[in-house]
Asks: 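Pasting a structure below so you can have a look.
Position 1 is the first residue of the sequence, and the numbers go up from there.
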Amino acid sequence: MLDHIQAIASDFDGTLLDDEKRLPPQFPALLDALEQRGIRFIAASGRQYYNIRAQLPDGMADRVDYIAENGAVTVRNNAIGWVAEMPASDIAAVVRTVRDTDGCYPILCGAECAYFENGDVPELLHHASMYYARLQLVHDVMQAAANDRICKIAVFHNHDAEHVSYPALLPFADRMQVVLSGDCWVDVMNQSVSKGEALRQLLGQMQIPPENCMAFGDYLNDIELLRASGHPYAMENAHPQLLKLFAHTGGHNNRAGVLKTICHALDITL
């Protein structure tokens with residue numbers, strides 16, 4: 001039993017949520033049990049902050065802290081803290097490359113909203129609507145960027161990001177963070193940004209040592225999150241690279257693996 005845990009950070013898609021994007025039915029009860037023990041739950045996702053909140057109904061959204069946009073935004077006690085704003089020159093360079101790569105489309109993620117310019121692409125609209133609660137169609141994303149703090153560029157390619165958009169964006173990896181975050185998505189951010197750095201910031205603010213934190217993830221954008229935690233768990237359904245890096249598994253996302261692992265590790269009965 002892990003009786004020293006003070007915080008638990010979990011990715012959402014492919015980790016806490018099942019493949020139908022549903023929370024485990026017993027998650028509200030788990031949140032109650034964690035609060036009774038003084039354990040803080042941290043939602044850590046590549047999703048927009050406002051979108052993550054929307055996944056936590058019935059008052060749960062106000063009871064957790066957030067790592068959003070793959071670490072580019074942190075929220076503690078319902079107040080936005082860190083926003084890792086990207087330089088305008090970097091934004092322009094990435095957008096030019098994306099526009100020049102067939103089948104790839106940029107979404108500029110700001111502190112207030114996300115912006116896209118390809119409203120005639122049904123697959124993009126479907127996926128973007130899934131991950132962004134505040135989403136605005138604009139004529140030119142670069143013009144929209146001037147009125148918000150852009151902290152991430154999400155690049156969409158329908159089902160083959162690993163072999164199309166990811167290689168196209170790798171030349172930026174010497175000065176930016178280029179992360180494969182899903183089958184369709186590559187995220188580009190400031191070099192220092194990651195879910196792991198964001199978790200270290202939040203734990204520092206809470207005065208919680210890393211060894212008192214559990215973390216769960218399933219994809220390559222979760223590597224630093226797991227490394228920042230004393231008790232990292234890669235999901236059974238995780239990308240093969242994660243399963244090679246981390247010894248402990250957190251069960252399968254379609255079988256409430258995160259919830260079951262936490263209950264077993266902390267001796268919680270729901």
Asks: Check residues 169-177 and write down every donor-acceptor pair under 3.5 Å in which the side-chain atom is one partner and the other belongs to a residue at least two apart or another chain.
Replies:
| residue | atom | partner | partner atom | Å |
| --- | --- | --- | --- | --- |
| R175 | NE | D90 | OD1 | 3.3 |
| Q177 | NE2 | Q191 | O | 3.0 |
| Q177 | NE2 | V193 | O | 2.8 |

Asks: Quick one: list whatever passes salt bridge (Lys or Arg N to Asp or Glu O under 4.0 Å) with D32, sequence neighbours left out.
Replies: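 D32: salt bridge (Lys or Arg N to Asp or Glu O under 4.0 Å) contacts with R63.
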Asks: Among all residues two or more places apart in sequence or in another chain, which pass the salt bridge (Lys or Arg N to Asp or Glu O under 4.0 Å) test with E162?
Replies: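 For E162, no residue satisfies salt bridge (Lys or Arg N to Asp or Glu O under 4.0 Å) once neighbours in sequence are set aside.
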Asks: For R200, give me all partners under salt bridge (Lys or Arg N to Asp or Glu O under 4.0 Å), at least two apart in sequence or on another chain.
Replies: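 Result, salt bridge (Lys or Arg N to Asp or Glu O under 4.0 Å) vs R200: E197.
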Asks: Under the side-chain contact (heavy atoms from CB on, under 4.5 Å) test, which residues partner E211, sequence neighbours left out?
Replies: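 Applying side-chain contact (heavy atoms from CB on, under 4.5 Å) to E211 gives P209.
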Asks: So which pairs with a foot in residues 7-17 pass side chain to side chain donor-acceptor pair (under 3.5 Å), sequence neighbours left out?
Replies: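 Checked against side chain to side chain donor-acceptor pair (under 3.5 Å) - neighbours excluded - the pairs reaching residues 7-17 are D11-T15, D11-K195, D13-K21, D13-R47, T15-D218.
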Asks: Can you pull out every side chain to side chain donor-acceptor pair (under 3.5 Å) where at least one residue sits in residues 241-252? Sequence neighbours excluded, please.
Replies: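 Qualifying pairs, neighbours excluded: none.
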Asks: Using a strict threshold of under 4.0 Å (side-chain N to carboxylate O), is an ion pair present between R255 and D19?
Replies: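 R255 and D19: not salt-bridged.
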Asks: For residues 15-39, which residue pairs qualify under ring-ring contact (aromatic ring centres under 6.0 Å, His included), counting only residues two or more places apart or in two chains?
Replies: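 The answer is F27-F41.
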Asks: Identify, with sequence neighbours excluded, every residue that meets salt bridge (Lys or Arg N to Asp or Glu O under 4.0 Å) alongside R37.
Replies: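 R37: no salt bridge (Lys or Arg N to Asp or Glu O under 4.0 Å) contacts found.
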Asks: For Q207, give me all partners under side-chain contact (heavy atoms from CB on, under 4.5 Å), at least two apart in sequence or on another chain.
Replies: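 Scan of Q207 (side-chain contact (heavy atoms from CB on, under 4.5 Å), adjacent residues dropped) gives none.
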Asks: Strictly by ring-ring contact (aromatic ring centres under 6.0 Å, His included), give each pair with a member in residues 61-92 just once, sequence neighbours left out.
Replies: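 Those involving residues 61-92 are Y49-Y66.
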Asks: What distance separates R96 CZ from M142 CE, expressed to the nearest 0.5 Å?
Replies: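 R96 CZ to M142 CE: 8.0 Å, rounded to 0.5 Å.
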Asks: Rest of the hydrophobic cluster containing Y105 (Ile/Leu/Val/Met/Phe/Trp/Tyr, side-chain heavy atoms under 4.5 Å)?
Replies: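 I107, F116, V121, L124, L125, M130, Y131, Y132, L135, L137, F156, W185, all in the cluster of Y105.
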